[in-house]
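Since we're looking at a predicted model, the values are computed, not measured. Hydrogens, waters and symmetry mates play no part in the numbers below; they use all other heavy atoms, side chains included.
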2 protein chains.
Amino acid sequence: MQDILFGFISKYVSLTDDEKNAILSLDIFRSVKKGTTLLKEGQKTKDSYFVLKGCIRTYYILDSEEKTTAFYTEMEALTPPCVINKTPSEYYISCIEDTILIVSNSDMEVEVNSKFPKFETLCRILSEQLLAKQRIDFDEFKTSSPEQRYLNLIQKRPDLIQRVPQHQLASFLGIKPQSLSRLRARLVDKNKG
Amino acid sequence: MQDILFGFISKYVSLTDDEKNAILSLDIFRSVKKGTTLLKEGQKTKDSYFVLKGCIRTYYILDSEEKTTAFYTEMEALTPPCVINKTPSEYYISCIEDTILIVSNSDMEVEVNSKFPKFETLCRILSEQLLAKQRIDFDEFKTSSPEQRYLNLIQKRPDLIQRVPQHQLASFLGIKPQSLSRLRARLVDKNKG
DNA sequence: TTAAATCGTTCACTTAAGTTAAGAAATGAA
DNA sequence: TTCATTTCTTAACTTAAGTGAACGATTTAA
């Protein structure tokens, strides 16, 4: 589990044993059962998540309807906006599968960053990369139709199609569950000719 | 002009005179005429932009159609994904108005960051905040209709409605120019009753 | 200043998503 | 296992966006 974490980090900065021990002393690993809600609307938190194994999703409840906006799987990190803005959360976070997480607290990060500048560099690089990646995702979403988005998802994150319920995929694609079902039927028709 | 920059920075970190001079010695201010293209598809660049005055936009050309995905106005920063990924740019950047920019180069940033850790902190905080803000924008886009997006834009960035051509706003909202025109007419009807 | 290009609107028509409802299939809990 | 809930699909109908075309209005460039 530690190997996964340090393997990931080593792609961005190289850590000394002291630095690795500093991280490990923080007791950050956590196992969570499928269905567990990690954060609710209205709650305040300082926790960020990094998924080692499993899948979590973020969703809003608007007009008493669930709107799923993101999934985080292996090697993906999530810092909820409410942590940055120091406001109550606007959304929910829950586990779609049994999941192993790294949970870090923003107070903890401030402390570690000031002690080990290398961590600050790591955080900066990760933020910059996530920002660029998310910008591209957003642009692709804006410039495509629901059908194109679905085909794009099959290409880029085929695992999600398998491990996530359709109705959650639908709002992730910006449409209703019935529309996704119809869209899929349409695609099957097209391929038959 | 410098006051605007340092006023902005002071919201996040406090700089010494030495640090301010280090920034100023870099010759980063640049005036650009309306219509100027700052970056083209296929080009490589290491430049990031911060808008002091004016407005720039990013757009793709897909099926020989312009798709505008973002506008950056006063006090907003843009680091193109191609700078982070070290790939040729997928999109164009151009000036909608006569614009005053700060242009920084990623090589320059690496150097400044290593000399002045405070800059690295600044970059980290700004990236984290932009990431959170963009996440919220993306979620709002996903969970609303074109009409809601337009009404939301009127609330949150009323200036854009004035200073940007409609057909560019349309693709920013994820629809065609004709649809935006029709949508606006529909809203006027609704308000008449 | 004039001609050309761009921009915004409108219209008729097509296509696809939203809505409401019903029923079958899969899942989960007692 | 069985019952209840959730999930997925299908269908008919409504609503709104996409498309192609036309026509002023505005802007731009020669």
Does the distance from a Lys or Arg side-chain N to an Asp or Glu carboxylate O, for [X] and [Y], drop under 4.0 Å?
| X | Y | answer |
| --- | --- | --- |
| B:E147 | B:K190 | yes |
| A:E109 | A:K46 | no |
| A:E76 | A:R157 | yes |

Rest of the hydrophobic cluster containing A:L101 (Ile/Leu/Val/Met/Phe/Trp/Tyr, side-chain heavy atoms under 4.5 Å)? A:V32, A:L38, A:L39, A:Y49, A:V51, A:I56, A:Y60, A:L62, A:Y72, A:L78, A:Y91, A:I93, A:V103

If you compare all heavy atoms of B:D47 against all heavy atoms of B:N105, which two are closest, and at what distance to 0.1 Å? OD1-ND2, 3.8 Å

Which heavy atom of A:K156 sits nearest a heavy atom of A:P158, and at what distance?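 Scanning both residues, the minimum pair turns out to be C-CD, 3.4 Å.
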
Letter per nucleotide, 5' to 3', of nucleotides 25-30 of chain D [B base touched, S only sugar-phosphate touched, - untouched; heavy atoms, 4.0 Å]: ------

Point-to-point distance, once rounded to the nearest 0.5 Å, from [atom1] of [X] to [atom2] of [Y]:
| X | Y | atom1 | atom2 | result |
| --- | --- | --- | --- | --- |
| A:Y59 | B:D139 | OH | CG | 14.0 Å |
| B:S179 | B:R186 | OG | CZ | 8.5 Å |
| A:C55 | A:D159 | SG | CG | 8.0 Å |
| B:E128 | A:R124 | CD | CZ | 11.5 Å |
| A:T36 | A:D98 | OG1 | CG | 8.0 Å |
| B:E66 | B:Q168 | CD | CD | 6.5 Å |

Answer yes or no: is there a side-chain heavy-atom contact under 4.5 Å between B:R149 and B:S144?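 Answer yes - side chains close enough.
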
Check: B:T45 and B:C82 side chains under 4.5 Å, non-hydrogen atoms: yes

Using whole Å, report how far [atom1] of [X] lies from [atom2] of [N].
| X | N | atom1 | atom2 | value |
| --- | --- | --- | --- | --- |
| B:K176 | C:dC7 | NZ | P | 15 Å |
| A:Q166 | D:dT9 | CD | C1' | 10 Å |
| B:D189 | D:dT15 | CG | P | 15 Å |
| B:I175 | C:dT9 | CD1 | C1' | 14 Å |
| A:E66 | D:dT5 | CD | P | 17 Å |
| B:I161 | C:dG8 | CD1 | C1' | 15 Å |
| A:I96 | C:dT27 | CD1 | C1' | 16 Å |

Please list residues of [range] whose heavy atoms come under 4.0 Å from any atom in DNA chain D, ordered by number; otherwise none.
| range | value |
| --- | --- |
| residues 177-187 of chain B | B:Q178, B:S179, B:R182, B:R186 |
| residues 141-155 of chain B | B:P146 |
| residues 53-65 of chain A | none |

Using five pairs at each end of the helix from C:dT1-D:dA30 to C:dA30-D:dT1 to define an axis, what is the angle between those two axes, to 10°? 60°

Applying salt bridge (Lys or Arg N to Asp or Glu O under 4.0 Å), run through B:R135 and A:E90 and close with a yes or a no. CA-CA 12 Å; B:R135 183 73 256 171; A:E90 311 245 323; over 6 Å; no

Using the side-chain heavy atoms of B:P165, tell me which of these nucleotides is nearest: D:dG18, C:dG18, C:dG8.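 So the side chain of B:P165 is nearest to C:dG8.
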
Counting the benzene-type ring for Trp, do A:F138 and A:F141 have ring centres under 6.0 Å apart?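 Ring centres of A:F141 and A:F138 not closer than 6.0 Å.
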
Think A:H167 has a side-chain N or O under 4.0 angstrom from the OP1 or OP2 of D:dC8?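 So the side chain of A:H167 is within the cut-off, an N or O lying under 4.0 Å from OP1 or OP2 of D:dC8.
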
